[in-house]
Student: 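The structure follows.
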Amino acid sequence: MKCSHLCLEIVDDVIRKRLLIDGDGAGDDRRINLLVKSFLKWCSSGSQEEGYSQYQRMLSSLSQCEFSMGKTLLVHDMNLREMENYEKIYVDIESGIAAAHEKITECKKQILQAKRIRKNRQEYDALAKVIQQHPDRHETLKQLEALDKELKQLSHTKENVEDKLELRRKQFYVLLSTIHELQQTLENDDKLAEESQESPMETQNP
């Protein structure tokens, strides 16, 4: 009775351990089957020597199963750590992608700004070429001063010419008046001369 109870406990323990083992094809099922067979042989062993031999085999099978289970648990723990590591890597990748999008957006803004700067520089260069084709401000002011001086000289010359023209006009008017008076005088003299010639003739006729 005691042996049967012990056998049931061992079988239950074996079943629990078997459920913990993933049975990945590395011989776990075969070892468990051997353990069960050894256990059954141990329960039905007749002599003490045979029972001891089966007991040792059973312990060996248990050790192999426990080792396999320990290895499986280590692999399981390693897989959990790998999963955590993958989750962390995933979060880092997501953060990296978000940062990359932000950097791409910033780069696009910088490219647009660079294009505007380039356009402004091209317009500035074109304007500078146009300005270079014209004299500078100092030269322009110098030319304006020269033109102003020449204009003043021309204005002064114009005033002198106008004064001379006015003087000549007055002189010509005086000359015309003089000629007119002289003409009148000559006409008067001619009339007097004719009258003087007519008077003696009238005196002789009576």
Student: Out of curiosity, Arg81 CZ to Met78 CE, how far, rounded to the nearest 0.5 Å?
Tutor: 7.5 Å

Student: Running the 4.5 Å side-chain criterion over Ile, Leu, Val, Met, Phe, Trp and Tyr, what cluster does Ile179 land in, apart from itself?
Tutor: Leu175

Student: Side-chain donor-acceptor contacts of residues 96-108 below 3.5 Å, not counting sequence neighbours, with atom names and distances?
Tutor:
{"from": "Thr105", "atom 1": "OG1", "to": "His101", "atom 2": "O", "distance (Å)": "2.9"}

Student: Let me have the donor-acceptor pairs involving side chains of residues 117-127, under 3.5 Å, with sequence neighbours excluded, atom names and distances please.
Tutor:
{"from": "Asn120", "atom 1": "ND2", "to": "Arg116", "atom 2": "O", "distance (Å)": "3.2"}

Student: Roughly how far apart are Thr178 OG1 and His180 NE2, rounded to 0.5 Å?
Tutor: 11.0 Å

Student: Could you list who else is in Phe172's hydrophobic cluster, with ILVMFWY side chains joined at under 4.5 Å, directly or through other members?
Tutor: Leu176

Student: Just jot down the salt bridge (charged side-chain N to carboxylate O under 4.0 Å, His left out) partners of Glu166, sequence neighbours excluded, or say none.
Tutor: Arg169

Student: Okay, side chain of Asn79, backbone of Val75: is any donor-acceptor separation there less than 3.5 Å?
Tutor: yes

Student: How would you list all residue pairs meeting salt bridge (Lys or Arg N to Asp or Glu O under 4.0 Å) that involve residues 85-101, not counting sequence neighbours?
Tutor: none

Student: For residues 152-164, which side-chain N or O atoms pair as donor and acceptor with protein atoms under 3.5 Å away, sequence neighbours left out?
Tutor:
{"from": "Ser155", "atom 1": "OG", "to": "Leu151", "atom 2": "O", "distance (Å)": "2.9"}
{"from": "His156", "atom 1": "NE2", "to": "Asn160", "atom 2": "ND2", "distance (Å)": "3.3"}
{"from": "Thr157", "atom 1": "OG1", "to": "Gln153", "atom 2": "O", "distance (Å)": "2.8"}
{"from": "Asn160", "atom 1": "ND2", "to": "His156", "atom 2": "O", "distance (Å)": "3.4"}

Student: Residues in side chain to side chain contact (heavy atoms under 4.5 Å, CB included) with Leu167, at least two apart?
Tutor: Gln171

Student: Any chance you could pull the hydrophobic cluster mates of Leu186, using side-chain heavy atoms under 4.5 angstrom and chaining through other members?
Tutor: Leu182

Student: Rounded to the nearest 0.5 Å, what's the gap from CG on Leu74 to NE2 on His76? Could you check?
Tutor: 11.0 Å

Student: Just to verify, what does Glu84 make a side chain to side chain contact (heavy atoms under 4.5 Å, CB included) with, not counting sequence neighbours?
Tutor: none

